[in-house]
Protein chains: 4
Amino acid sequence: MSEPGHNGIAADQLRAFVERLERVNAEIAERNSDKSEIYAEAKGAGFDTKIIRKIIALRTKDHAERKEEEAVMELYLSALGMS
Amino acid sequence: MSEPGHNGIAADQLRAFVERLERVNAEIAERNSDKSEIYAEAKGAGFDTKIIRKIIALRTKDHAERKEEEAVMELYLSALGMS
Amino acid sequence: MSEPGHNGIAADQLRAFVERLERVNAEIAERNSDKSEIYAEAKGAGFDTKIIRKIIALRTKDHAERKEEEAVMELYLSALGMS
Amino acid sequence: MSEPGHNGIAADQLRAFVERLERVNAEIAERNSDKSEIYAEAKGAGFDTKIIRKIIALRTKDHAERKEEEAVMELYLSALGMS
DNA sequence: AACGCATAAGTAAGAC
DNA sequence: GTCTTACTTATGCGTT
């Protein structure tokens with residue numbers, strides 16, 4: 001018995017889960033760095049990254065959902081006399 | 001100039017940036033699915049995922065803190081003209 | 001119903017919420033100006049504001065961490081059925 | 001000389017700055033709590049707080065700036081054939 | 001006046 | 001299904 005404590009098996013399993021999760025997290029962090037680089041590149045090419053972000057969001061967001069939001073927004077704006 | 005691609009900006013370049021970003025976003029989404037699977041697996045193995053999340057968060061924070069400490073140290077040293 | 005104030009939602013109530021929020025935002029903006037002034041003053045007195053910011057951040061984090069530690073402790077105790 | 005060390009005066013001054021800043025920070029934190037309460041209240045009254053946040057942002061942002069953004073957005077969208 | 005940092009807002013996921 | 005929590009994005013601030 002070389003494992004510390006009497007929960008050796010569970011501990012090993014736990015450790016494995018934690019390591020797998022941290023590995024995936026590291027990969028996500030890498031991708032986020034990639035994104036930053038791409039945005040920096042776009043900026044260097046003279047694009048407005050703020051707008052690019054909005055376009056990405058626009059394309060990502062479900063169409064129906066967007067329509068719904070706009071409808072509520074208009075309702076509120078009209079209630080405020082801002083339509 | 002009414003032909004496609006002459007809207008005053010480099011359309012092809014813009015499209016390329018958008019596509020690269022969406023590709024990276026897709027990869028991140030995949031990893032997030034991976035994480036969900038791992039958590040589900042851990043749960044199936046009888047672990048409390050809430051606690052696993054805490055452990056991950058703590059370890060992440062510890063790492064960040066190390067970096068932070070070093071940064072503060074450097075800042076102070078530089079303020080003392082000892083950098 | 002085409003008269004003003006009958007767009008289907010409680011316009012007056014909505015307006016009131018918006019105004020209260022904007023008032024609070026204005027107050028926050030004032031405080032931020034105050035902070036800027038204090039930092040300028042400190043700088044004028046010969047202090048390194050970057051370091052002062054670090055000190056503030058560290059103290060803030062310390063306080064937050066105490067809370068956090070307590071929360072983690074509770075979580076663990078509850079997981080052990082000792083809450 | 002009753003102050004600790006030989007930088008007593010500077011230390012007192014520094015402490016004063018830090019305390020003033022922390023006081024202002026505390027006030028800002030209070031206001032943020034106020035905001036949370038107001039949003040909760042609005043939610044309780046049946047409003048969609050997500051939209052209210054957007055409206056606040058809309059009103060906060062300078063009109064000219066907003067027009068400018070929309071113009072750039074349209075330009076980009078048209079370049080992508082999404083207009 | 002552009003860059004990077006630091007805080008704050010908004011969004012999405014998970015727990016109860 | 002609601003509610004909170006964690007992560008991502010965005011804005012503002014200070015600096016160079």
Side-chain angles (χ1 to χ4, degrees), chain A residues 21 24-25 28-29 31-36 39-40 43-44 46 48-58 60-62 65-66 69, chain B residues 21 24-25 28-29 31-40 42-43 47-58 60-61 64 67-68 71-72 75, chain C residues 21 24-25 28-29 31-40 42-43 47-58 60-61 64 67-68 71-72 75 78-79, chain D residues 21 24-25 28-29 31-33 35-36 39-40 43-44 48-58 60-62 65-66 69:
Chain A
L21 287 164
V24 176
N25 279 339
I28 290 174
R31 311 295 166 171
N32 277 320
S33 294
D34 290 349
K35 280 173 68 175
S36 299
Y39 277 115
K43 187 174 192 170
D48 183 335
T49 58
K50 190 172 171 180
I51 307 294
I52 294 184
R53 284 174 196 277
K54 288 213 165 124
I55 287 172
I56 299 277
L58 202 66
T60 302
K61 192 178 260 184
D62 182 65
E65 188 187 350
R66 197 158 63 247
E69 258 185 40
Chain B
L21 288 164
V24 176
N25 279 339
I28 291 174
R31 312 294 165 171
N32 277 322
S33 294
D34 290 348
K35 280 173 68 175
S36 298
E37 279 178 41
I38 298 172
Y39 276 115
K43 189 172 195 170
F47 290 101
D48 182 336
T49 58
K50 196 169 170 183
I51 292 191
I52 293 184
R53 284 173 195 280
K54 268 295 171 208
I55 290 171
I56 299 276
L58 284 176
T60 301
K61 188 155 57 165
K67 292 280 183 195
E68 174 70 9
V72 175
L75 176 63
Chain C
L21 287 164
V24 176
N25 278 339
I28 290 174
R31 312 295 166 172
N32 277 321
S33 294
D34 291 348
K35 281 174 67 175
S36 298
E37 278 178 43
I38 298 172
Y39 277 115
K43 187 173 194 170
F47 291 102
D48 182 338
T49 57
K50 198 169 170 182
I51 291 190
I52 295 185
R53 284 173 195 279
K54 271 294 172 208
I55 291 171
I56 300 275
L58 283 176
T60 302
K61 188 154 59 165
K67 293 281 183 195
E68 174 69 11
V72 175
L75 176 64
S78 120
Chain D
L21 287 164
V24 176
N25 279 339
I28 290 174
R31 311 296 165 169
N32 277 322
S33 294
K35 280 173 68 175
S36 298
Y39 276 115
K43 186 174 192 169
D48 182 336
T49 58
K50 189 172 171 180
I51 307 294
I52 293 184
R53 284 174 195 277
K54 288 214 165 124
I55 287 172
I56 299 276
L58 203 65
T60 301
K61 193 176 261 185
D62 181 66
E65 189 186 351
R66 198 158 62 247
E69 258 185 39

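No experiment lies behind these values; they were computed from the predicted model shown. Order of the sequence lines fixes the chain letters, A, B, ..., with proteins taken first and strands second; residue numbering starts at 1 for each chain. FYI, side chains are in, hydrogens and waters are out, and symmetry mates aren't considered; it's all heavy atoms of this structure.
- Distance, A/Tyr39 OH to F/dT9 P: 7 Å, rounded to whole Å.
- In this structure, the CD atom of A/Glu65 is 9 Å from the P atom of E/dT11, given to the nearest Å.
- Residues B/Lys35 and C/Glu37 each lie close to DNA chain F; by heavy-atom proximity, the contact nearer the 5' end of the strand is made by B/Lys35.
- In this structure, A/Asp62 atom CG and E/dA12 atom C1' are separated by 15 Å, rounded to whole Å.
- Between C/Ile52 atom CD1 and F/dT15 atom P there is a gap of 11 Å when expressed in whole angstrom units.
- Distance from the side chain of A/Lys50 is smallest for F/dT11 among the nucleotides F/dT8, F/dT11, F/dG14.
- Between the CD1 atom of B/Ile51 and the P atom of F/dA6 there is a distance of 14 Å, given to the nearest Å.
- Taking atom CG of residue C/Asp34 and atom P of nucleotide F/dC13, one finds them 13 Å apart after rounding to whole Å.
- Atom-to-atom distance recorded for A/Asn25:CG and B/Lys35:NZ is 4.0 Å, nearest 0.5 angstrom.
- Comparing F/dT11, E/dT11, E/dT7 against the side chain of A/Lys54 picks out F/dT11 as the nearest.
- Rounding to the nearest 0.5 Å places CD1 of A/Ile52 at 11.5 Å from NZ of A/Lys43.
- Taking OG1 of D/Thr49 as the reference point, atom CD1 of D/Ile56 lies at 11.5 Å (rounded to 0.5 Å).
- Put simply, NZ on C/Lys61 and NZ on C/Lys54 are 7.5 Å apart, with the number rounded to the nearest 0.5 Å.
- Following rounding to the nearest Å, A/Lys61 (NZ) and F/dT8 (C1') show an atom-to-atom distance of 14 Å.
- The shortest distance between the side-chain N/O atoms of C/Thr49 and the OP1/OP2 oxygens of F/dT15 is below 4.0 Å.
- For C/Ile28 and A/Lys43, each mapped to the nucleotide of DNA chain E holding its nearest heavy atom, the one lying further toward the 5' end belongs to A/Lys43.
- With sequence neighbours excluded, the residues forming a side-chain contact (heavy atoms from CB on, under 4.5 Å) with D/Leu58 are A/Leu77, D/Arg66, listed by chain and number.
- Within the nucleic acid shown, A/Asn32 comes within 4.0 Å of sugar-phosphate atoms alone, with no base atom in reach, counting heavy atoms only.
- Across the protein-nucleic acid pair, D/Ile55 atom CD1 and E/dG10 atom C1' stand 16 Å apart, rounded to whole Å.
- Comparing E/dA8, E/dT11, E/dG14 against the side chain of B/Ser36 picks out E/dG14 as the nearest.
- In this structure, the nucleotide among F/dT9, F/dC3, F/dA10 sitting nearest to the side chain of A/Arg53 is F/dA10.
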